[in-house]
Amino acid sequence: MTYTISLEPGELDLRQCVSCGQVFLWRETAPYLWLGVDGEAWFRVQVTPDGLNVESNVPSERFRRLFNLDVDQAEQEAAIRAAAPELEPYIARFPGLRLMRPSCPVETLCCFLCTPNNHLRRIMPMARALQAYGDPIGEVEGVVLRRFPEIEAVASIPEHELRAKGFGYRARSIPLTAARVAERGGRQWLTSLRAKPYAEAFEALIALPGVGPKLADCIALFALHKTEAVPVDTHLWQAATRLYFPEWRGAAITESRYRAVGDLFRAKFGPLAGIAHHYLFYDNMRNAGRSQTSGTMGRKERIDSSGS
DNA sequence: TAGGGACCTGCC
DNA sequence: GCAGGTCCCT
């Protein structure tokens, strides 16, 4: 089916949303043409000057839900500004950046298992390699689209297959984690965490092998829709130490500091903590590699005469 | 509890 | 050397 979604300026920036690392199964197959999957749904989205032309196997309500289009973005932004005027420039910089609501927690969990000690350039292809084990859900322009496989299917992928696909040590760890999830009840168990309070869901996730506090918060935020979750990765850590914890700049993220950052965000923003986090995360990620503030890590600043 | 090191692979 | 961490060890 096809439908048109008309958008106000700044209401939704699809490119930012699907390429900033909340989801990993979207790609731009031609300029302004995006192909993406969410659970058993697929979307072919043409970005136009005043909205989106969508072709999909699910109705527009599903698209709106995925991109959170029924929440008032302006209202949320106003609330964040009110709680923290210092975030104003970050909010202004990324109009249309929205927190998404992916529907398949298996997909989110497995994709994020690819992210530790890794970078986006490699994470995307790895996520797609896992997706290739899933069942076909449609075909667009000759391309077969597949949903993400069930957790049991991921658990049964032989290590050598993923090794051959360049997964490195994750070739063993990802199926292992998947097996632990399957033991607990698989998709049903993961989905049931949505009904639990954030703290409880967090504890359940962090108990999984390969899932530390950062992944637990990513899964809680994106897959379980726990908007109090604040994933403290290297990007948010840099932003948070710059703005709120100057005494920790350059220090390592310990467990207690991790908790302190999240608690501060939750105290300031309540259930909007995860949304506020997103602006800072995205800004820092985009500026990664550049001369970020008065850092001590500038490449060209290094006085190093050893040619080799 | 904080600090240090290893970990697959690919790109700077 | 280092990347959207995690685990294991002092």
Side-chain angles (χ1 to χ4, degrees), chain A residues 16-24 97 99-100 102 108-130 157 159-178 180-181 202-203 205-223 229-241 245 247-262 265 274 277-292 295-302 304 306-308:
Chain A
Q16 281 183 168
C17 288
V18 302
S19 59
C20 72
Q22 339 181 39
V23 295
F24 301 91
L97 176 64
L99 181 70
M100 292 176 66
T108 302
L109 168 67
C110 292
C111 288
F112 273 97
L113 287 175
C114 300
T115 65
N117 191 24
N118 207 351
H119 49 255
L120 219 42
R121 297 296 172 288
R122 189 154 82 108
I123 294 166
M124 294 279 198
M126 287 170 72
R128 275 201 290 277
L130 292 175
I157 301 174
E159 178 178 345
H160 67 85
E161 284 190 20
L162 293 181
R163 284 266 172 198
K165 296 176 200 287
F167 275 63
Y169 62 84
R170 298 179 187 82
R172 188 154 55 97
S173 62
I174 292 177
L176 177 75
T177 306
R180 295 293 168 270
V181 174
F202 179 88
E203 291 307 321
L205 290 168
I206 207 175
L208 293 168
V211 178
K214 192 273 181 178
L215 284 210
D217 272 327
C218 282
I219 297 159
L221 179 61
F222 300 123
V230 179
V232 183
D233 62 7
T234 126
H235 294 302
L236 190 82
W237 175 248
Q238 286 180 16
T241 54
F245 297 95
E247 68 276 23
W248 287 342
R249 283 188 64 173
I253 311 176
T254 64
E255 196 178 330
S256 60
R257 289 169 190 161
Y258 185 102
R259 191 170 25 248
V261 172
F265 274 68
H277 135 276
H278 216 226
Y279 290 102
L280 287 175
F281 160 75
Y282 190 53
D283 177 70
N284 203 279
M285 187 187 69
R286 289 191 42 140
N287 291 328
R290 308 216 174 128
S291 59
Q292 179 81 326
T296 54
M297 70 296 261
R299 280 209 171 96
K300 46 187 186 184
E301 285 290 66
R302 206 158 41 94
D304 183 357
S306 69
S308 98

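The sequence lines fix the lettering, A, B, ..., with proteins before strands; numbering per chain opens at 1. Bear in mind that the values here come from a model prediction, so they are computed numbers and not experimental data. We use all heavy atoms of the structure for the numbers below, so side chains are in, but hydrogens, waters and symmetry mates are not.
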Side chain of A:Phe281 - closest among B:dC8, B:dA2, C:dG4: C:dG4

Distance-only donor-acceptor test (3.5 Å): side chain A:Arg170, base B:dC8: yes

Is A:Cys20 touching bases, backbone alone, or none of the nucleic acid, heavy atoms closer than 4.0 Å? base

Applying side chain to side chain contact (heavy atoms under 4.5 Å, CB included), name anything that partners A:Ala129, two or more places apart in sequence or on another chain. A:Lys165, A:Phe167

Set of residues satisfying side chain to side chain donor-acceptor pair (under 3.5 Å) with respect to A:Glu255, sequence neighbours excluded: none

Expressed in whole Å, how much space separates the P atoms belonging to B:dG4 and C:dC2? 15 Å

Could I get the full list of ring pair (Phe, Tyr, Trp, His ring centres under 6.0 Å) partners for A:Tyr282, not counting sequence neighbours? A:Phe94

Closest to side chain of A:Arg122, choosing from B:dG10, B:dA2, C:dG4: B:dG10

Is the A:Phe112 ring parallel, tilted or perpendicular to the A:Phe24 ring (thresholds 30°, 60°)? perpendicular

For A:Tyr169, which residues count as a ring pair (Phe, Tyr, Trp, His ring centres under 6.0 Å) partner, sequence neighbours excluded? none

A:Met126 atom CE is separated from B:dT9 atom P, nearest whole Å, by 10 Å

A:Arg172: side chain to side chain contact (heavy atoms under 4.5 Å, CB included) partners, not counting sequence neighbours: A:Glu159

Taking only the P atom of each, what is the distance from C:dG1 to B:dG5 in whole angstrom? 13 Å

Could you tell me how far C:dC8 sits from B:dC8 if I compare only their P atoms? Round to whole Å. 14 Å

Sequence neighbours left out, what passes side chain to side chain contact (heavy atoms under 4.5 Å, CB included) with A:Thr254? Give chain and number order. A:Ser256, A:Arg257

My understanding is that only residues two or more places apart in sequence, or in another chain, count here; which of them pass salt bridge (Lys or Arg N to Asp or Glu O under 4.0 Å) with A:Arg180? A:Glu183

What is the nucleic acid contact for A:Gly166, judged by heavy atoms within less than 4.0 Å: base, sugar-phosphate only, or nothing? sugar-phosphate

A:Ile174 has an atom CD1; how far is it from atom P of B:dC8, in whole Å? 13 Å

Given that both pair distances must be under 3.5 Å and the pair must be Watson-Crick or G-U, what runs of three or more consecutive pairs involve DNA chain B? B:2-7 with C:5-10, B:9-11 with C:1-3

Looking only at the side chain of A:Leu120 (C-beta and beyond, no hydrogens), which of the listed nucleotides C:dG5, C:dG4, B:dA2 gets closest? C:dG4

Tell me: NE2 of A:His119 to C1' of B:dC8, nearest whole Å? 11 Å

What residues, two or more places apart in sequence or in another chain, satisfy side chain to side chain donor-acceptor pair (under 3.5 Å) together with A:Asp233? none

Length of the line joining A:Leu205:CG and C:dT6:P, which is rounded to integer Å: 12 Å

Between C:dT6 and B:dG10 - P atom distance, rounded Å: 22 Å

Main-chain N/O of A:Leu280 paired to A:Asn284 side chain as donor or acceptor, under 3.5 Å: no

Phosphate OP1/OP2 of B:dA2: any A:Thr254 side-chain N/O under 4.0 Å: yes

Within the structure shown, what part of the strands sits under 4.0 Å from A:Arg172 by heavy-atom distance: base, sugar-phosphate, or nothing? nothing

Identify which nucleotide among B:dC8, C:dA3, B:dA2 has an atom closest to any side-chain atom of A:Arg163, counting heavy atoms from C-beta outward. B:dC8

Just wondering, do A:Leu109 and A:Val181 contact through their side chains at under 4.5 Å, heavy atoms? yes

For nucleotides 7-10 of chain C, print each protein N/O atom paired with a nucleotide N/O atom at under 3.5 Å, atom names and distance only.
from: C:dC7; atom 1: OP1; to: A:Gly210; atom 2: N; distance (Å): 2.8

For A:Pro116, check side chain to side chain contact (heavy atoms under 4.5 Å, CB included) against everything at least two apart and list the hits. A:Leu215

Using a cut-off of strictly less than 4.0 Å, decide whether A:Thr234 has a side-chain nitrogen or oxygen near OP1 or OP2 of C:dA3. no

Show each protein N/O and nucleotides 5-7 of chain B N/O combination with a separation under 3.5 Å, one pair to a line.
from: B:dC7; atom 1: N3; to: A:Asn117; atom 2: ND2; distance (Å): 3.4

